[in-house]
Amino acid sequence: MKTYLVINDQQIDLEGCLSRARTIVTLGRSTDEVYNVIALEDDSVDVFQCQFVRSGDGWKVQNGQWRTECPKGIRSRLQHACSLCMGRCVNPQPAHPTYSWRTPHNPTLLNGQDLNHDGIDLKDGDVLQVGKMKYFIRVTE
């Protein structure tokens, strides 16, 4: 099954957003300091709004994001230790990074229901609301 997030008539294939280094798909406000796979130009969206993770044959959406800590604020496209500070940060062993859960200031809603960090499985026709905007979920065989 393919799962798409529909933003302004553009379909984003969640599976296509994954890579060897990226196992989750993050969605949040676009900034210079934080990289989100799906970056939105919307001030009503939090930087750490939500993330999509594989769930069986499909996907689920969670309110908030797992992030590594970097006191230098280095922007990394990877969801793991960047090692650009040569291991002198809170991740002294890049192979074993320290993660923390970041909760957004504004809730993420799925079909009008508040999400938590456990998440909810996505179905065709679901409506995801982040900030002031609504986005649609499309699931195909």
Side-chain angles (χ1 to χ4, degrees), residues 1-85 87-141:
M1 288 192 302
K2 290 271 196 181
T3 302
Y4 300 91
L5 178 65
V6 181
I7 298 177
N8 299 330
D9 297 327
Q10 176 189 8
Q11 293 188 107
I12 299 172
D13 178 9
L14 295 180
E15 190 74 33
C17 293
L18 299 178
S19 68
R20 204 178 78 207
R22 184 182 303 121
T23 58
I24 60 174
V25 177
T26 57
L27 181 146
R29 186 176 68 242
S30 174
T31 70
D32 290 336
E33 295 81 31
V34 177
Y35 176 78
N36 277 296
V37 178
I38 302 172
L40 303 174
E41 300 287 336
D42 183 348
D43 289 339
S44 69
V45 175
D46 197 276
V47 175
F48 306 108
Q49 189 68 51
C50 63
Q51 69 181 24
F52 300 93
V53 295
R54 298 289 284 144
S55 175
D57 291 338
W59 290 81
K60 70 178 175 179
V61 61
Q62 299 170 302
N63 187 50
Q65 298 176 6
W66 282 110
R67 288 294 184 153
T68 58
E69 302 294 330
C70 182
K72 294 180 182 244
I74 296 171
R75 183 175 191 239
S76 173
R77 293 182 181 275
L78 307 176
Q79 261 83 40
H80 57 75
C82 60
S83 73
L84 292 174
C85 60
R88 292 188 294 269
C89 64
V90 295
N91 293 318
Q93 299 177 8
H96 304 286
T98 301
Y99 292 90
S100 65
W101 187 258
R102 304 287 184 94
T103 303
H105 298 293
N106 300 321
T108 305
L109 305 174
L110 186 67
N111 301 323
Q113 178 182 6
D114 280 346
L115 294 177
N116 60 27
H117 68 275
D118 294 327
I120 297 176
D121 289 327
L122 296 173
K123 303 178 304 298
D124 190 45
D126 282 345
V127 178
L128 180 72
Q129 182 173 346
V130 292
K132 298 174 184 172
M133 300 300 295
K134 292 183 180 181
Y135 305 100
F136 299 94
I137 304 299
R138 184 167 168 249
V139 179
T140 62
E141 292 294 323

Asker: Do Val37 and Leu27 have side chains that get closer than 4.5 Å, going by heavy atoms?
Answerer: no
Asker: Could you check if a side-chain atom of Asn116 sits within less than 4.5 angstrom of a side-chain atom of Asn63, using non-hydrogen atoms only?
Answerer: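 No, every pair of side-chain atoms sits at 4.5 Å or beyond.
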Asker: Is it the case that the side chain of Asn36 and the backbone of Val47 share a donor-acceptor pair, with hydrogens and angles ignored and the cut-off at 3.5 Å?
Answerer: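 Answer holds: yes.
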Asker: To the nearest 0.5 Å, what is the distance between CG on Leu115 and SG on Cys50?
Answerer: 7.5 Å
Asker: Counting only pairs under 3.5 Å, give me each side-chain donor-acceptor contact of residues 126-137, with atom names and distances, residues two or more places apart or in other chains.
Answerer:
unit_1	atom_1	unit_2	atom_2	d
Asp126	OD1	Asn111	ND2	2.8
Asp126	OD2	Lys123	N	2.7
Gln129	NE2	Gly131	O	3.4

Asker: Please report the interatomic distance CG(Leu18) to CZ(Phe52), rounded to the nearest 0.5 Å.
Answerer: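 Rounded to the nearest 0.5 Å, the CG-CZ separation comes to 11.5 Å.
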Asker: For the side chain of Asp46 and the backbone of Asn106, is there at least one donor-acceptor N/O pair under 3.5 Å apart?
Answerer: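 Answer holds: no.
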Asker: Once rounded to the nearest 0.5 Å, what's the spacing between atom CD1 of Ile38 and atom OG of Ser30?
Answerer: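 Here the interatomic distance stands at 12.5 Å.
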Asker: For residues Ile120 and Lys60, determine if any side-chain heavy atom of one lies less than 4.5 Å from a side-chain heavy atom of the other.
Answerer: no
Asker: Determine whether Arg29 and Asp42 satisfy the following criterion, side chain to side chain contact (heavy atoms under 4.5 Å, CB included), listing intermediate values before the conclusion.
Answerer: CA-CA 6 Å; Arg29 186 176 68 242; Asp42 183 348; 5.9 Å; no
Asker: Return yes if a side-chain donor-acceptor contact under 3.5 Å exists between Gln62 and Gln51, otherwise no.
Answerer: yes
Asker: If I take atom CZ from residue Phe48 and atom NE2 from residue His105, how far apart are they, to the nearest 0.5 angstrom?
Answerer: 9.0 Å
Asker: Check whether any side-chain heavy atom of Glu15 sits under 4.5 Å from a side-chain heavy atom of Arg54, and report yes or no.
Answerer: yes
Asker: Less than 4.5 Å apart, side chain to side chain, heavy atoms only: is that true for Gln11 and Val6?
Answerer: yes
Asker: Side chains of Val25 and Leu5: does their closest heavy-atom pair fall under 4.5 Å?
Answerer: no
Asker: With a 4.5 Å heavy-atom cut-off, do Val139 and Trp59 have their side chains touching?
Answerer: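 Not touching, per the 4.5 Å side-chain cut-off.
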Asker: Is there a donor-acceptor pair under 3.5 Å between the side chain of Arg102 and the backbone N or O of Gln65?
Answerer: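 Not a single qualifying donor-acceptor pair exists.
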Asker: Does Asp57 CG have over 12 foreign heavy atoms under 6.0 Å away?
Answerer: no
Asker: Donor-acceptor pair, Thr108 side chain versus Gln49 backbone, under 3.5 Å?
Answerer: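 Looks like yes, one N/O pair under 3.5 Å.
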